Amino acid sequence: MHKILLFILCVFAVSYGIAQPDGFTKVADTSYIRQKVNEMALKTNSINTEFVQEKNLTFLDEKIISKGILLYKKPDMLRLEYTSPYTYLLILNNGNLLIKSEGSEIKVDLESSKMFNEINDLIINSVQGKILNMPNLSTEFYESDNFFFIQLHPEQEELRKYIETIELFINKNDYTVSDFKVIELSGDYTLIKFINKKINEEIPDERFDTR
Amino acid sequence: MKRYLTSVLIPGSLLLILVSCGTLRQQGYSRLDEGTKYFIPVYDTGFDKSLYNVRIIFGEKVFSGLAVIKYMPVNRSYRLALLSEAGLRLFEAEFTSAGDAKVNFITDFLDKKAVVKKLSSDFALLFSDISKNGNKIFLKKDDTESYVVRVKKKGKKDYFYSPAMQGPEKIEERGFPFGRTTVLLSDYLNNAPQEIVFKHKMLKFEIGFTKINYKEWN
């Protein structure tokens, strides 16, 4: 009986270990990482980056790959534009949300929508790295030579209905988010990789026009 | 007298009306034995998977998203997932060629009994293989070589075929409590339609699928 229990514990220990990527070790004191990320967020006035999104569905043997451009400008302007294989545009600006997709356009006043407001906070905070400061998310930090790997587990019941874990890879060179992964309860996940990132480049306000 | 009216005359009259309507609806149709003719299903043999843009109009609101449809050869079933463009899964179900549906996931804000039932029954129309599964089949032809296949199983469904199409161009289902559902299908390519529109006579609820040219899957 003890042998069976030991075997089960070992299996769980191995499973637990798999959540940590190869080549990463757990960070005990995370205060300096939080400080560096916050410093970078303070210094970041704009981000202009391409992204590649991988959607993994457990019943599919291939991922759905989409590409686009993300623009961010302080304090709360965001343009998320998918360009391939479908077109989709989301603009957040000063409490307003505009969504344009194939044949439809939606405008939302965020003040009147709690759900969109929460999504707004999550996106803006993720782009800036401020997600680490958000309440109701427990965190685990790991590091390799080039990256910090951070797992965030939602503690809020509403978020836990959809999301198992959020994972971030933060580049040690510039303390910005390079990969953002949302793992759903079913095991499906969405991974967004930010590439060709340009920090503090001038971006005209017109790119965030929600009218 | 009143008792005679309520217990005999009114139900009897209603029964007569129903029987008359039923007979009228069968006019022009002839019964086919199962297996005597093959009717191409919406997703024909050889179909593997497709990615669609989805547009949902509900009342005055318009939503958009993506749909993934995949044939599962092991179970001989189809999986359909609705996703947001950013990847969040909203609905996922498995459908058999016999017209059965099993919902595996529905997001919290859509999780209403009527919504689940409507989405399941609508999407099940895409995956039913009417040539099989012990259906009662009636056929009506016209002068243009087009024909209508009426299937009686779990309600009444009409499949409209024209000679130019590689699958049904329209499916109509009459059912309680939502009334008539019409599915318009067009531009068949590689054993799958490129455009699908679900319309509902009694509801301001429309779902449109447009196939995405996703070269990795084509």
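No hydrogens, no waters, no symmetry mates; every other heavy atom, side chains included, goes into these values. Every chain is numbered from 1 and lettered A, B, ... according to where its sequence line falls, protein lines coming before strand lines. None of these values were measured; they are calculated from a predicted model.
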Identified side-chain hydrogen bond (donor to acceptor under 3.5 Å, both in side chains) counterpart of B:Thr210 within the set B:Gln194, B:Arg55, B:Glu195: B:Glu195
Top residue by heavy-atom pair count (under 4.5 Å) with chain A, among B:Thr107, B:Asp108, B:Leu51, B:Asn104? B:Asp108
Option in B:Glu92, B:Glu94, B:Glu216, B:Arg89 with maximal non-hydrogen atom pairs under 4.5 Å from chain A: B:Arg89
Correct closest heavy-atom pair for B:Ser84 and B:Leu66 would be O-CD1, 4.2 Å
Restricting to non-hydrogen atoms, name the atom on B:Tyr52 and the atom on B:Ile212 that form the minimum distance, rounded to 0.1 Å. C-CD1, 3.7 Å
Measuring heavy-atom distances to chain A, does B:Lys49 have an atom under 4.5 Å in its side chain, in its backbone, in both, or in neither? side chain
For a salt bridge (charged side-chain N to carboxylate O under 4.0 Å, His left out) check, start with the C-alpha distance between A:Glu184 and A:Lys55, then their side-chain angles and the critical distance, and finish with the verdict. CA-CA 11 Å; A:Glu184 297 170 44; A:Lys55 178 66 193 175; 2.7 Å; yes
With a 4.5 angstrom heavy-atom cut-off, could you sort out which part of [X] is near chain B: side chain, backbone, both or neither?
X: A:Tyr88; result: side chain
X: A:Ile192; result: neither
X: A:Leu185; result: neither

Salt bridge check, B:Lys156 against B:Glu172: does any charged N sit closer than 4.0 Å to a carboxylate O? no
